[in-house]
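Beneath this line is the structure, given in structure tokens, with notes to follow.
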Amino acid sequence: MNCLLCQRPLTTKLTLKWVLSWQPIVRPVVCSLCWQGFRPIDRQTACPDCGRAQLQPQVCRDCRRWPTQTQFYNQALFEYNSAMQAYFKAYKFQGDFRLRAVFQARLKQTLSTIKADVVVAIPVNPATMQTRGFNQVTGWLAAGENDGWLVTLATTKAIKQATKNRQDRLLTTQPFQLAAEHPDLTGKTVVIVDDVYTTGRTIRYAAMVMLENGAKSVIGLTVAR
Amino acid sequence: MQAKELYGRQLLLTPVEAQQLPAGTQKLPALKVTGQQVQCLRCGSQLQRRWAQLPDHHYYCYQCLTLGRVSTLTSLYHLPEPNAFTDLPSLTWDGQLTGPQTDCANRVKAAFQARQRHLLWAVTGAGKTEMLFPGLAWALQQGLRVAVASPRVDVCLELAPRLQAAFATTTVAVLHGRQPAPYVYRQLTVCTTHQLLRFREAFDVLVIDEVDAFPFAANPRLTYAVEHAVKPTGAVLYLTATPSRELLQQVKRGQLTISYLPLRFHRHLLPKIQVTLAPKWWSHLQHGKLIKPVQRWLTQYATSGRRFLIFVPRISQLAIVQAAIQRMFPKMMGLTVYSADPERLDKVQQMRDQQVQYLVTTTILERGVTLPGIDVIVLGADDAVFSTAALVQIAGRVGRSRDRPTGAVHMVCASHARHVKQAQRQINLVNRKGQRLLNELSTLSTTANH
């Protein structure tokens, strides 16, 4: 088996500890060198509102510009650096669905630490689904999250999100709504999973929909910030 | 989308492009999904179902992603090649071929005319490109579509201007991954073998240069690409100095015809590989020392001023080897070069300009580099990174100039290795053929003199 990112052969060393632990063997899908490229964010010092990596645990400059919201915060796993950019290019834009395995285990582990009643993935719009063939977020999650009950309104994106600047992004309108059949959210804690938190506009709109429908609190979980 | 852009091609199109298709465009499935197997119909890979899966029972090919993703959501668009060429070009090259070269060139032309699959085994530094010209000129005159492909971009970039100069009345299309210019339909194309995956039954004559080079040798997709890019009635010519076992087996089975050019342009035999067994060469180096034989050779070079290349198996060994040499011979100037080195081209140029006496390098300098009058030392030649082909190519760096047609090729091995033996055997075989040809030539010239 080769590393999914650099295609070099992967070797797993079987340690005695592992053998005696009676756990199933977890084979890594990326090599240690590639994995080191991703910088994990320390939750202790990250911004408590958006999960940005910082040296001091205080509300960051971006978040101070948002109206204070006590029922929502975001947590991010990794910094958005060049390795992450390359990853998203290959995964989302080139469409290499195999790469979902890179963050699957890590995301699953983090999700298990969060006490959530409902987990939902940010949907992609139908046109993207037609060409890309998959939702990058549900790829990471096991299956079953968001069985179509959180939907996007706009059927086509006129301009790609990635090409917009902060100002344009903040001016976008609410793209989400709940489908007619959706689980009861009253008094529940909802976790929304997305790929990247950039300005926070998208995930905050999604959180707003949840809160309007009676959710107690909403936690955002993104792979990158 | 114009019809010309689809002639002999198999392309993925965006939905917008796919709305305006020229008449007669064929829409072909991109993947073949049967009960057990998933096969990509562009690159021919057999895919693992588990990895090729997309949601909703769709599949994609993860092997040829860099050319745009092929999946069951997409189709390949194709128009048959009509050979719609006007103004057929002729040869504008006015160089001369030597006697053996002319024989080979005629053989190549005959293979094109008979639409054969042919292997031309010509030693390193034989002048392969020039031997193609008569055959290519014939094919272009007949209005056939011709491509010259190579696994390496640098080979393509070197070939293109030479072909353009040889056929000055036409424009050569150059295709490779780093090319920003859009595709143009031309009679003569120079491209990387990867680009052949975008063609379908397009070429009447297809030449593959340096077949043994990475990544072609290790990549079944590219073999598939060649078979599909050429017309069923087309000719394929493989050019190499170090044919692989598979190719030679095809020759044995009669699926491939073969011709040899065992002599270099200056009519000298290839330098032989001299193997030195030194099980502890690396542990010596780890202590900052060179083994005795290497010391001896380097002392000679230090006094004579002869330039040389040292090959090592791994990038991490470069600095250690150079440090050891620096310690023993502080006055000798040298550099290290590896594939991702940002100053790679500049350093090779310094070696060419004789500013430095030696380079310590990995396999990246195994082919395509001509440095007159050098010697070569390979440390750890028994390491698996040096294939037989790589070793023959490395040996081929030596003796490439008319002024010094010989030289030394030293290979230091920790143990005996099959691929080193095979490399020696290949060189001996070619040299035997070369000697025979030399004898024939000398008898010819003496009889001519009488």
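Letters A, B, ... are given to chains in the order of the sequence lines, protein chains preceding strands, and every chain is numbered from 1.
With sequence neighbours excluded, no residue forms a side-chain hydrogen bond (donor to acceptor under 3.5 Å, both in side chains) with Ser112(A). Take Thr186(A) and apply the side chain to side chain contact (heavy atoms under 4.5 Å, CB included) test, not counting sequence neighbours, and it matches Asp184(A).
Considering all non-hydrogen atoms of both residues, Gly133(A) and Pro55(B) come closest at O-CD, 3.3 Å.
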Got a list of the donor-acceptor pairs under 3.5 angstrom between chain A and chain B?
from: Gly95(A); atom 1: O; to: Arg69(B); atom 2: NH1; distance (Å): 2.8
from: Asp96(A); atom 1: OD1; to: Tyr60(B); atom 2: OH; distance (Å): 2.6
from: Phe97(A); atom 1: N; to: Tyr60(B); atom 2: OH; distance (Å): 2.9
from: Arg98(A); atom 1: N; to: Tyr60(B); atom 2: OH; distance (Å): 2.8
from: Thr131(A); atom 1: O; to: Arg69(B); atom 2: NH2; distance (Å): 3.2
from: Arg132(A); atom 1: O; to: Arg69(B); atom 2: NH1; distance (Å): 3.1
from: Arg132(A); atom 1: O; to: Arg69(B); atom 2: NH2; distance (Å): 2.4

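Within the structure, no pair that satisfies the side chain to side chain donor-acceptor pair (under 3.5 Å) test touches residues 28-39 of chain A, not counting sequence neighbours.
Proximity to chain A (any heavy atom under 4.5 Å) is shown, for Leu65(B), by both the backbone and the side chain.
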